[in-house]
Number of protein chains: 2
Amino acid sequence: MDAKTLCLGALMHSEASGYEIRKLFEGGPFSAIYDVSFGSIYPALTVLLDREWATCCVAEQDGRPDKKVYSITPAGRAAFLDALATTPAPDKMRSEMLFILSFGDHLPRSVVLELVDRYIANYEDRLSAIDDRCNDSVLPPVRRFVHNFGITMYETALEYLRTHRAELLANELSTREHVHQLEEQVLTTGGRQ
Amino acid sequence: MDAKTLCLGALMHSEASGYEIRKLFEGGPFSAIYDVSFGSIYPALTVLLDREWATCCVAEQDGRPDKKVYSITPAGRAAFLDALATTPAPDKMRSEMLFILSFGDHLPRSVVLELVDRYIANYEDRLSAIDDRCNDSVLPPVRRFVHNFGITMYETALEYLRTHRAELLANELSTREHVHQLEEQVLTTGGRQ
DNA sequence: CCCGACATATATCAGACCGATACAAACTGG
DNA sequence: CCAGTTTGTATCGGTCTGATATATGTCGGG
């Protein structure tokens with residue numbers, strides 16, 4: 001799913017500038033399910049113009065800098081639907097937080113707890129941002145399906161983190177127990193599995 | 001979080017070949033929280049050798065091709081813990097499935113349903129793969145925390161998809177209603193928000 | 001007994017992408 | 001009036017992905 005397709009998708013709903021497209025993926029309706037950066041969006045929009053999949057006009061605004069508003073063309077819509085026909089790749093998650101946390105044994109307990117708390121705060125922010133933005137607007141059913149999927153996942157993550165935070169507090173003792181178990185294993189098997 | 005750090009993390013637990021590291025991220029204990037491809041792993045391992053953060057020896061196996069087994073060095077451990085000290089980026093999700101589904105209005109209903117069913121099957125596979133691999137091994141507490149986080153998220157996704165699949169069946173009718181609402185809005189406001 | 005399919009294993013590379021950075025216009029508050 | 005924030009466009013080095021190539025070995029079927 002390349003940046004061109006993502007931009008076309010954003011333009012399917014309504015015309016938008018590069019900056020506005022970016023906001024759809026950062027805090028907007030796509031924020032829970034996909035991400036794309038400026039460094040991909042602006043070159044992609046240029047390509048869309050080249051292929052005549054979108055048109056562009058400059059809009060003057062008062063109180064703000066001018067913006068370049070892109071609109072999808074019929075050819076663009078066709079190309080987009082064509083791109084959707086490919087079999088989608090499986091979901092991909094990237095959580096630096098959890099990766100780091102999984103090495104909590106090697107970190108000071110204070111660091112681990114601070115990390116979890118920052119993690120929780122982060123999900124709280126994102127959840128409230130989503131709710132604020134969309135709860136009043138009327139969404140078509142498929143959009144609502146996807147929207148609520150994102151909310152559900154965020155809420156689940158939050159609940160898990162809150163209820164299991166304490167387990168990381170019990171870190172030190174449990175780790176000693178674990179080491180003890182390993183030692184017994186080594187004594188019994190000679191270290192071979 | 002670059003590929004070098006991810007490889008060091010993999011080697012923290014035990015020595016491994018590039019192929020084995022990859023499997024940790026595809027189906028293994030990291031599969032629910034991060035991903036990294038061969039194209040990043042092999043060059044990263046070469047860099048680790050250059051920096052003396054890992055050593056390497058060739059292991060002959062019977063019934064299989066030889067493999068190059070990498071072990072982390074004390075300097076490597078130090079470098080890894082150093083890399084963990086950076087403030088982690090927020091979680092990033094990439095779901096082509098949900099992106100496509102959110103444009104279900106523009107697709108034949110059969111395609112949408114097929115998509116959801118494939119999506120469900122995909123999560124079922126990943127969930128059972130995780131369970132099979134790890135439910136018997138004894139994990140230290142932080143690992144169990146992360147491991148169960150992944151399982152919880154998968155289960156939540158599955159339950160959501162199963163219980164809300166029917167909503168997409170009601171697609172056509174609801175979309176007509178939605179279009180009707182939009183038309184009324186246009187008549188009232190002239191299309192301006 | 002060979003053939004294709006599959007798992008194991010390493011490696012490379014063009015093309016795409018990210019994150020940082022730069023620039024600029026306009027508002028906002030101290 | 002100046003620093004900071006928001007809105008807005010753009011570029012670029014370094015990194016990563018996904019595809020591809022190559023090779024060894026197993027296994028089951030015709």
Side-chain angles (χ1 to χ4, degrees), chain A residues 1-8 10 15-28 34-50 54 56-70 83 86-94 96 99 129, chain B residues 1-8 10 15-28 30 34-50 54 56-70 83 86-94 96 99 129 133:
Chain A
M1 189 118 308
D2 60 6
K4 295 186 293 297
T5 306
L6 296 173
C7 287
L8 286 176
E15 58 179 26
S17 66
Y19 189 76
E20 288 162 346
I21 291 176
R22 166 70 215 190
K23 283 197 295 185
L24 294 178
F25 289 91
E26 189 195 6
Y34 224 96
D35 193 38
V36 63
S37 70
F38 282 129
S40 303
I41 290 172
Y42 284 113
L45 289 174
T46 304
V47 173
L48 294 191
L49 288 183
D50 286 350
C56 173
C57 64
V58 175
E60 295 176 24
Q61 309 177 98
D62 43 30
R64 292 179 186 182
D66 296 355
K67 64 178 175 182
K68 295 166 82 172
V69 176
Y70 294 81
T86 62
T87 62
D91 289 2
K92 207 162 285 184
M93 170 81 156
R94 319 198 117 202
E96 298 196 357
F99 184 78
Chain B
M1 189 119 307
D2 60 5
K4 294 186 293 295
T5 306
L6 296 173
C7 287
L8 286 175
E15 58 178 26
S17 66
Y19 190 75
E20 288 163 345
I21 291 176
R22 166 71 217 195
K23 283 197 294 185
L24 294 178
F25 290 91
E26 190 196 5
F30 293 132
Y34 223 95
D35 194 38
V36 63
S37 69
F38 282 129
S40 303
I41 291 172
Y42 285 115
L45 289 174
T46 304
V47 174
L48 294 191
L49 288 183
D50 286 350
C56 173
C57 65
V58 175
E60 295 177 22
Q61 309 176 99
D62 42 29
R64 291 179 186 182
D66 296 356
K67 65 179 173 181
K68 295 165 80 172
V69 177
Y70 294 82
T86 62
T87 62
D91 289 3
K92 207 162 286 185
M93 170 81 157
R94 320 197 117 203
E96 298 196 356
F99 184 79
R133 234 170 265 263

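Below, read A as the first sequence line, B as the second, and so on, with proteins coming before strands; counting in each chain starts at 1. In what follows, every heavy atom counts, from backbone to side chain, and hydrogens, waters and symmetry copies are set aside.
If you measure from atom CD of A:E26 to atom P of C:dC18, you get 13 Å, rounded to the nearest angstrom. Rounded to whole angstrom, the span from the CG atom of A:D35 across to the P atom of C:dA16 amounts to 19 Å. Rounded to whole Å, atom P of D:dA10 lies 12 Å from atom CG of A:D66. Spacing between atom CZ of A:F38 and atom P of C:dA20 amounts to 14 Å, rounded to whole angstrom units. To the nearest angstrom, C1' of D:dT11 lies 15 Å from CG of A:L45. Rounding to whole angstrom units, CZ of residue B:R64 and P of D:dG25 are separated by 13 Å. Summarising the geometry, the separation between CD on A:E15 and P on D:dG8 is reported as 13 Å, rounded to the nearest angstrom. As a whole-Å value, the separation of A:M1 CE from C:dG15 C1' is 17 Å.
Other residues, nucleotides and ligands place more than 12 heavy atoms under 6.0 Å from the CD atom of A:Q61.
Here A:G39 lies in heavy-atom contact (under 4.0 Å) with a base. Counting any heavy atom pair closer than 4.0 Å across all strands shown, B:E20 reaches no nucleic acid atom. Across all strands shown, A:D62 has no heavy atoms under 4.0 Å from either base or sugar-phosphate atoms. Across all strands shown, B:R22 has no heavy atoms under 4.0 Å from either base or sugar-phosphate atoms. Using a 4.0 Å heavy-atom cutoff across all strands shown, A:K4 reaches no nucleic acid atom at all.
Closest approach to the A:K23 side chain among C:dA11, C:dC18, D:dG8 is made by D:dG8 (side chain taken as heavy atoms from C-beta onward). When distances run from any side-chain atom of B:P43 to the nucleotides D:dT9, D:dC16, C:dT12, the shortest one goes to C:dT12.
Look at A:K92 and you won't find any side-chain N or O under 4.0 angstrom from OP1 or OP2 of C:dC17. For D:dG8, one of the phosphate oxygens OP1 or OP2 lies less than 4.0 angstrom from a side-chain nitrogen or oxygen of A:Q61. In this model, the phosphate group of C:dT10 is approached by a side-chain N or O of B:Y42 to a distance below 4.0 Å at OP1 or OP2. Using a 4.0 Å cut-off, no side-chain N or O of A:S37 falls inside it from OP1 or OP2 of C:dC17. Side-chain N/O atoms of B:K67 include none lying less than 4.0 angstrom from OP1 or OP2 on D:dT24. Of the side-chain N and O atoms in A:Y19, none sit less than 4.0 angstrom from OP1 or OP2 of D:dT9. Side-chain nitrogen and oxygen atoms of A:S17 include none within less than 4.0 Å of the OP1 or OP2 phosphate oxygen of D:dG8.
Remark: B:E20 engages B:K67 in a salt bridge, criterion side-chain N to carboxylate O under 4.0 Å. Taking 4.0 Å as the cut-off between side-chain N and carboxylate O, B:K92 and A:E96 do not count as a salt-bridged pair.
Along DNA chain C, the nucleotide nearest B:P65 and the nucleotide nearest B:R94 are compared for position; the residue whose nucleotide lies closer to the 5' end is B:P65.
Under the 3.5 Å distance criterion, the side-chain polar atoms of A:R94 are left unmatched by any main-chain donor or acceptor of B:D91.
The shortest distance between side-chain heavy atoms of A:L49 and A:Y70 falls below 4.5 Å.
Residues meeting the side-chain hydrogen bond (donor to acceptor under 3.5 Å, both in side chains) test with B:D2, sequence neighbours left out: B:K4, B:T5.
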